[in-house]
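No experiment lies behind these values; they were computed from the predicted model shown.
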Amino acid sequence: QVVESSQELHQYQVEIIHRLARAAEYRDNETGMHVIRISKLCECLARGLGLNDHECHLIRHASPMHDIGKIGIPDHILLKSGKLTAKEWSIMKTHSDIGALILSGSESEFLQMAEVIAGSHHERWDGNGYPRGLKDEEIPLVSRIVAVCDVFDALTSKRPYKEAWSVENTVAEMKNQSGKLFDPNVLRTFMDLLPEMVDIVQQFSDSSRQVIQIQRKTS
């Protein structure tokens, strides 16, 4: 009974984490499928990099919280369809620190990893990222994993301010950012797993969510 209760508590914990992540994503993403794709992409990449089962399990459930700090960004900035001004961009960048603060102080391994990811997934391999300008292996590996997966999903997805990029153009741009935005080894492993990554993006596309919703309404 103790084991069953522990497993049930663990399942509730995971469910709450994913629901909170989706709540944040719904503010600037109509379907909320982005967090599901990130979860799957990050787990796949982590396995490819040789992380153990426990670490892969953690990043699967912690990575959806990467942008939780966006709930602290004003709507007129977060939902703006045009280019942000310098002042607006400086405010937008605070979502990393806001997210880390929201997730801080927990004894949960999921939330501890989520705190690290939220606070550093916008750091760059060349040191020109934010919020602290970390570089190379100063950036936690889990954040370097999320950075690659997040950009791939962002570029291949339609957003209010842009159309979806083709996989070919996305790959070309990401390879151009190797050693700049991305850890070269993490990016290389991602590219080795590209067919699996494309399958994940297609399987959990925003349009697939819309189809599911229509089926539920008509059933």
Side-chain angles (χ1 to χ4, degrees), residues 9-30 32-43 45-46 51 54-80 84-151 153-154 159-160 181-183 186:
L9 180 61
H10 173 78
Q11 290 173 350
Y12 285 146
Q13 195 177 45
V14 169
E15 181 179 352
I16 290 170
I17 287 171
H18 278 264
R19 287 182 182 275
L20 285 172
R22 288 176 64 191
E25 187 65 22
Y26 268 107
R27 288 199 62 217
D28 67 343
N29 182 289
E30 187 173 312
M33 293 298 281
H34 170 65
V35 295
I36 297 176
R37 293 193 296 269
I38 288 296
S39 174
K40 303 288 187 181
L41 291 169
C42 288
E43 181 184 25
L45 181 52
L51 276 66
H54 182 62
E55 292 169 324
C56 291
H57 181 66
L58 287 177
I59 196 170
R60 174 183 177 182
H61 298 299
S63 58
M65 304 290 283
H66 65 290
D67 274 339
I68 191 70
K70 285 185 176 180
I71 64 175
I73 303 301
D75 283 351
H76 73 276
I77 294 176
L78 185 64
L79 304 179
K80 185 176 180 178
L84 298 179
T85 65
K87 183 177 180 180
E88 289 170 338
W89 178 236
S90 68
I91 294 172
M92 175 65 84
K93 290 193 294 185
T94 64
H95 82 270
S96 293
D97 283 331
I98 293 172
L101 182 61
I102 289 171
L103 299 165
S104 66
S106 175
E107 295 183 4
S108 162
E109 285 187 286
F110 292 123
L111 294 182
Q112 288 173 359
M113 182 181 284
E115 177 188 353
V116 169
I117 291 171
S120 57
H121 73 286
H122 283 299
E123 301 288 358
R124 293 173 52 109
W125 186 253
D126 62 11
N128 291 321
Y130 65 88
R132 282 170 289 282
L134 303 179
K135 64 182 298 185
D136 300 350
E137 294 187 359
E138 293 176 348
I139 307 168
L141 177 58
V142 290
S143 295
R144 285 178 265 151
I145 290 172
V146 172
V148 170
C149 295
D150 192 29
V151 169
D153 189 68
R159 295 290 172 85
L181 174 55
F182 305 123
D183 175 340
V186 172

Would you say C149 and D153 make side-chain contact, with heavy atoms under 4.5 Å? no

Within this structure, what is the CG-CG distance for the pair N128 and L181, rounded to the nearest 0.5 Å? 10.0 Å

Hey, mind stepping through I102 and I71 against side chain to side chain contact (heavy atoms under 4.5 Å, CB included) and telling me if it holds? CA-CA 10 Å; I102 289 171; I71 64 175; 3.7 Å; yes

Tell me, do H121 and D67 make a side-chain contact under 4.5 Å, heavy atoms counted? yes

Step-by-step side chain to side chain contact (heavy atoms under 4.5 Å, CB included) determination, I73 to E88: CA-CA 10 Å; I73 303 301; E88 289 170 338; over 6 Å; no

Are any of the side-chain heavy atoms of H54 and E109 separated by less than 4.5 Å? yes

Full working for side chain to side chain contact (heavy atoms under 4.5 Å, CB included) between M113 and H61: CA-CA 9 Å; M113 182 181 284; H61 298 299; over 6 Å; no

Side chain proximity check, I36 to M33, heavy atoms < 4.5 angstrom: yes

Interatomic distance, CD1@I68 vs OG@S96, rounded to 0.5 Å, equals 13.0 Å

Smallest separation among heavy atoms of E123 and G133, with atom names: OE1-N, 3.0 Å

Looking at every non-hydrogen atom in both residues, tell me the closest pair between I145 and C42 and how far apart they are. CG2-O, 3.9 Å

Would you please classify the geometry between the H122 ring and the Y130 ring as parallel, tilted or perpendicular, with 30° and 60° separating the classes? parallel

Side chain to side chain, T85 and K80, heavy atoms closer than 4.5 Å: yes

With the side chain counted from C-beta on, respond yes when W125 and E138 share a heavy-atom pair under 4.5 Å apart, and no when they do not. no

Output, in order, the C-alpha distance, side-chain angles, deciding distance and verdict of side chain to side chain contact (heavy atoms under 4.5 Å, CB included) for H34 and D150. CA-CA 9 Å; H34 170 65; D150 192 29; 3.2 Å; yes

Validation row: L51, E43 side chains within 4.5 angstrom (heavy atoms): no

Is any side-chain heavy atom of R60 closer than 4.5 Å to one of F110? no

To the nearest 0.5 Å, tell me how far K70 NZ sits from L79 CG. 10.0 Å

Give me the atom names and distance for the closest heavy-atom approach of G119 to P131. O-CD, 3.1 Å

Shortest non-hydrogen pair, S143 vs I117, comes out as OG-CA, 3.6 Å

Which heavy atom in W89 sits nearest to a heavy atom in L84, and how many Å separate them? CE3-CD1, 3.8 Å

E115 to A100 - nearest heavy-atom pair and separation: CG-O, 3.5 Å

CG/L103 to OG/S108 distance, rounded to the nearest 0.5 angstrom? 9.5 Å

